[in-house]
Amino acid sequence: MPEIPSSAIESSRERPRIGVYVCHCGTNIAGIVDVRAIVEFAAKLPGVVVSRDYKYMCSDPGQALIQQDIAEHHLNRVIVASCSPLLHEATFRRVLSRAGLNAFLLQMVNIREHVSWVHLNQREATEKTKDLVRAAVRRVSLHKPLQKRRVSINPHVLVVGGGIAGIHAALTLAEAGKQVYLVEREPTIGGHMAKFDKTFPTLDCAACILTPKMTAVGSHPRIHLWTYSEVVRVEGYVGNYKVKVRRKPRYVIEDLCLGCQECVTACVYKEAKNPDEFNLGLSKRKPVYLPFPQAVPQKVVIDPQTCIQFKSGKCKKTCVEACGDRKAIDFTQKETIEDIEVGTIILATGFKTFDPVRNPYYGYGRYANVYTSLEVERLINASGPTAGEIVLRDGGQPKAVGIIHCVGSRDANTNRWCSKVCCMYSLKLAHLIKERTGAEVYNFYIDMRTPGKGYEEFYDRLLDEGVHFVRGRVAEVSDWATHPSEKGRLVIRVEDTLAAFVRRIPVDMVVLSVGMEPQPDAQDVRRLFNISCSTEGWFLERHPKLAPVSTFTEGVYIAGACQGPKDIPDSVAQAGAAAAEAMALIDAQFVELEPYTAFISEDQCSGCKTCIPLCPYQAISYMEEKKKAAINEVLCKGCGTCVAGCPSGSIQQNFFEDEEIFEEIEGVLAYA
Amino acid sequence: MRNRDLTPSEKSQATFEPRIVAFFCNWCTYLAADLAGTSRMKYAPNVRVIRVMCSGRVDPQFVLDAFAHGADGVFIGGCHPGDCHYQEGNYKTLRRFHLLKRVLQQMGIEDERCRLEWISAAEAERVRSTINDMVEKVRALGPLDLIPTEEKVSAEEVAV
Ligand SMILES: Cc1cc2nc3c(=O)[nH]c(=O)nc-3n(C[C@H](O)[C@H](O)[C@H](O)COP(=O)(O)OP(=O)(O)OC[C@H]3O[C@@H](n4cnc5c(N)ncnc54)[C@H](O)[C@@H]3O)c2cc1C
Ligand code: FES
């Protein structure tokens with residue numbers, strides 16, 4: 001740890017000379033808090049030498065004002081009453097540093113998020129502000145100069161999830177010369193995008209743009225691609241994460257398998273019998289299979305649930321025979337745990353689609369010809385179960401198709417959020433269905449949401465193509481015919497809110513445009529990586545506008561649909577941003593950590609060992625010879641739990657010393 | 001009701017604004033309170049928040065000190081069980097809290113005056129509703145009267 005210059009220590013020991021700076025934040029604060037009254041109040045507090053307000057304290061002139069005062073008035077403590085410290089504490093600490101003061105001689109007072117934005121009454125808000133400012137003035141007098149800890153950054157990066165976001169992030173990093181571990185749960189990378197035929201709004205073929213990127217991942221010398229694998233443990237801190245990855249057995253030795261699929265042909269099952277996961281059960285696969293033709297890696301998998309050798313041990317093992325001296329098949333393969341060390345982590349675990357069984361009135365699962373949009377993506381796909389032909393479950397071809405928007409989106413009974421991509425992919429599906437079948441296509445929408453480059457133009461194009469648009473939330477899909485033309489078909493009942501009457505529209509196929517939801521295990525994953533989720537369950541970004549791919553855990557970034565509903569262009573943009581953030585850390589070679597660690601005053605420590613089990617990081621040890629506890633500053637993360645637990649009061653936490661907090665408590669309460 | 005219809009004690013009750021000191025952990029409840037701000041939710045102005053890195057930092061002495069210096073209530077906010085940024089600080093808080101509650105009880109401090117809540121970074125609404133609820137409950141209890149009158153006067157004199 002770098003030494004604190006002795007001049008800094010001295011200046012902090014001198015009698016406090018405090019400057020108080022109250023920010024208007026335009027009218028955000030000044031509209032509710034009587035800023036003038038605060039300035040006058042603060043000026044009279046003990047130790048305060050200057051007290052000022054300014055329209056935008058965080059602006060350059062605002063910062064310059066503080067810097068100038070520090071020099072002119074020989075300030076040795078600074079209070080900034082403005083927005084949340086989580087937003088601008090770093091900004092104002094830099095101001096102190098520039099002025100030659102130790103950055104930790106600053107205290108922020110949160111009078112925007114915690115006062116002006118949450119209270120309506122000017123008098124009450126002003127009184128509350130006074131209490132908070134008084135507390136800060138009392139506290140800051142006790143602040144000591146501190147130094148951030150520097151830790152080095154391991155240049156390796158872990159990317160979790162191999163959808164388009166994870167793929168793009170991994171490639172960007174690898175191209176920049178970084179070693180990347182890409183961990184994907186499924187036997188192949190590709191995520192949702194690999195299932196699509198075309199992508200809006202340009203209708204370029206998904207495989208044509210995705211496959212080259214997938215192959216590049218598979219063959220990149222700096223990408224360690226681990227499919228069929230999951231992260232099971234994460235320890236350490238920014239720059240120095242220790243990660244355990246479980247690699248599930250695919251019963252095929254990846255290095256030996258050539259992807260020739262002769263074993264698949266040779267399997268004792270002549271007919272494929274098991275639902276094919278990649279095609280969402282719309283086709284069948286064998287117990288030994290390649291997830292889809294462009295899968296990366298091009299390695300087969302054996303599913304032990306359905307393979308006869310695993311079930312009875314009495315298979316003829318024709319697959320092994322077919323594999324011959326390549327000897328890639330290994331029924332005894334066990335799962336392995338790999339230990340890796342990385343400095344930064346990018347989470348790109350994507351989304352899941354809404355399960356429409358939760359909206360029983362749309363008949364999914366009850367009527368064969370009601371499909372989810374994702375199933376239709378497979379049906380339309382040239383390499384899908386029907387080679388791109390739209391053949392219904394009952395074998396027919398549709399003459400009329402209804403696409404119902406917002407299933408599991410914008411719905412108080414299921415998910416309130418807009419899934420953002422459904423309007424656009426519904427238009428895409430409408431176009432493709434009409435093109436392939438010539439059917440009449442109806443879109444049932446609440447609002448058409450097509451913001452985005454070229455998106456509104458795509459909507460216009462669909463209007464010209466003669467696709468029907470009915471504005472209204474569909475009430476019901478049923479097979480209950482009230483007219484001969486409805487016999488044997490599905491009837492969509494909807495209030496057409498533009499025409500103001502209830503319509504019955506008979507169709508042969510219903511497509512439910514299901515919304516996007518957080519992955520079912522999002523809560524487990526976020527615990528594993530020590531990040532937060534929003535109320536809905538999406539991974540929470542550090543700041544919605546200014547730090548959209550960072551999290552509250554340093555060195556952990558998020559990209560793609562795991563952060564919220566978004567389309568491919570936005571997912572790729574975020575992935576690039578996350579890769580850039582990781583690279584910025586790596587190229588800086590070190591990161592500075594808050595100095596909020598705990599320390600022991602040895603002469604007071606009674607050696608009772610109470611603190612030792614309190615520390616989750618094993619940072620506290622017991623020195624046998626001295627009979628005292630010792631804290632390893634590198635391992636300490638600065639939670640302060642041992643400090644609160646020490647019966648003799650001999651442990652303190654930097655920046656959160658008992659005395660500092662007592663001053664703050666007594667300060668907020670010391671009203672006249 | 002106009003003030004002159006009230007007895008003196010009723011009067012102090014009617015104008016009584018509870019003072020509540022809150023300790024919020026940096027990673028969940030403090031963030032939730034920030035989110036309440038950015039969402040422009042409105043709640044009672046009686047709470048003064050003190051930021052700590054983890055609810056595990058909240059020494060029972062902080063709570064006693066707050067009560068001794070005139071707080072009518074103390075509110076501790078931390079991450080949900082299993083969500084603590086430091087793995088298990090909040091479990092330690094919970095353990096201590098039970099003990100603290102017994103001490104407070106023996107001192108005659110009512111149960112509603114000290115509260116521990118798990119509020120995640122996303123639960124701004126719970127910050128709002130908990131604060132409002134607590135303010136109402138403490139208001140109903142009236143001011144906490146721990147300090148003998150003479151001491152109170154001198155305490156006020158030294159206060160800034
Ligand atoms: C029906 C439909 C049609 C769409 N059409 C279009 C379109 O035409 N154009 C467009 O721009 N967008 C479209 N979208 C949106 C598009 O699917 C998403 O924007 C995109 O897939 C998001 O990519 P991602 O990498 O974030 O997530 P995903 O594609 O979901 O990939 C996530 C990956 O992470 C893996 N994973 C998850 N959890 C873990 C874990 N714990 N450990 C390891 N790996 C894990 C998953 O297996 C998956 O491979 C459509 C969406 C739907 C539902
Ligand atoms: S960090 Fe919130 S309780 Fe520990």
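For the numbers below, each heavy atom of this structure counts, side chains included, while hydrogens, waters and symmetry mates do not. Letters A, B, ... are given to chains in the order of the sequence lines, protein chains preceding strands, and every chain is numbered from 1.
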**Heavy-atom contact with chain B under 4.5 Å, split by part of A:Arg112** = neither
**Message:** Heavy-atom pairs under 4.5 Å with chain B: which of A:Ile661, A:Leu132, A:Val668 has the most?
**Reply:** A:Ile661
**Prompt:** Do you know which of A:Arg527, A:Glu536, A:Glu124 has the most heavy-atom pairs under 4.5 Å to chain B?
**Reply:** A:Arg527
**Item:** Atom CZ of B:Arg102: over 12 foreign heavy atoms under 6.0 Å
**Value:** no
**Complete:** In terms of heavy-atom pairs under 4.5 Å with chain B, the winner among A:Val137, A:Leu86, A:Thr535 is A:Leu86
**Item:** Heavy-atom contact with chain A under 4.5 Å, split by part of B:Gln87
**Value:** both
**N/O donor-acceptor pair under 3.5 Å between A:His119 side chain and B:Lys42 backbone** = no
**Prompt:** Say you draw a straight line from CD of A:Glu664 to CG of B:Asp65; how long is it, rounded to the nearest 0.5 Å?
**Reply:** 12.0 Å
**Prompt:** Closest heavy-atom contact between B:Arg96 and A:Thr641?
**Reply:** NH2-O, 3.1 Å
**Item:** Closest heavy-atom pair and its distance - A:Ala644, B:Gly56
**Value:** CB-O, 3.3 Å
**Asked** What closest approach, in Å, do A:Cys639 and B:Cys54 show between heavy atoms, and which atom pair accounts for it?
**Response** O-CB, 3.6 Å
**Point-to-point distance, once rounded to the nearest 0.5 Å, from NE2 of B:His85 to CD1 of A:Ile531** = 11.5 Å
**Request:** Nearest 0.5 Å please: distance from the CD atom of B:Gln61 over to the CZ atom of A:Phe662.
**Result:** 4.5 Å
**Among B:Gly89, B:Ala66, B:Ser55, residue most engaged with chain A (heavy-atom pairs, under 4.5 Å)** = B:Ala66
**Prompt:** Between A:His114 and B:Tyr30, is any pair of side-chain heavy atoms under 4.5 Å apart?
**Reply:** yes
**Prompt:** Does some side-chain heavy atom of B:Met53 sit less than 4.5 Å from a side-chain heavy atom of A:Gln653?
**Reply:** yes
**Prompt:** Side chain, backbone, both or neither: which part of B:Val21 has a non-hydrogen atom closer than 4.5 Å to chain A?
**Reply:** side chain
**Distance, nearest 0.5 Å, that separates CZ of B:Arg51 from CD of A:Gln107** = 7.5 Å
**Request:** Apply the test side chain to side chain contact (heavy atoms under 4.5 Å, CB included) to residues A:Phe552 and B:Leu31: give CA-CA distance (whole Å), side-chain angles for both, the deciding distance (0.1 Å), then the verdict.
**Result:** CA-CA 10 Å; A:Phe552 285 100; B:Leu31 280 179; 3.4 Å; yes
**Item:** A:Asn530 to B:Cys84 - nearest heavy-atom pair and separation
**Value:** OD1-O, 4.0 Å
**Item:** Pairs of heavy atoms under 4.5 Å with chain A: top-ranked of B:Ala71, B:Ala36, B:Ala121
**Value:** B:Ala71
**Prompt:** Quick one: what part of A:Ile665 sits under 4.5 Å from any heavy atom of chain B, side chain, backbone, both or neither?
**Reply:** both
**Asked** Between the side chain of A:Lys128 and the main-chain N/O of B:Val47, is any donor-acceptor distance below 3.5 Å?
**Response** yes
**Message:** Between A:Asp658 and B:Arg57, is there a side-chain heavy-atom distance shorter than 4.5 Å?
**Reply:** yes
**Item:** Most chain B-contacting option - heavy-atom pairs closer than 4.5 Å, from A:Tyr596, A:Tyr617, A:Phe655
**Value:** A:Tyr617
**Message:** If I compare all heavy atoms of A:Leu614 with all of B:Arg95, which pair ends up nearest, and what's the gap?
**Reply:** CD2-NH2, 3.9 Å
**Asked** Does a side-chain heavy-atom distance below 4.5 Å link B:Arg19 with A:Asp131?
**Response** yes
**Request:** Find the one option among B:Trp27, B:Tyr43, B:Tyr86, B:Phe23 whose heavy-atom pairs under 4.5 Å with chain A are most numerous.
**Result:** B:Tyr86
**Residue part contacting chain A, namely of B:Ala124, when any heavy atom lies under 4.5 Å** = neither
**Fill in**
Interface check, chain B: of A:Ser116, A:Ser534, A:Gly638, A:Cys533, most non-hydrogen pairs under 4.5 Å belong to A:Gly638
**Request:** Among B:Asn26, B:Thr38, B:Leu35, B:Asp83, single out the residue with the greatest number of heavy-atom pairs under 4.5 Å to chain A.
**Result:** B:Asp83
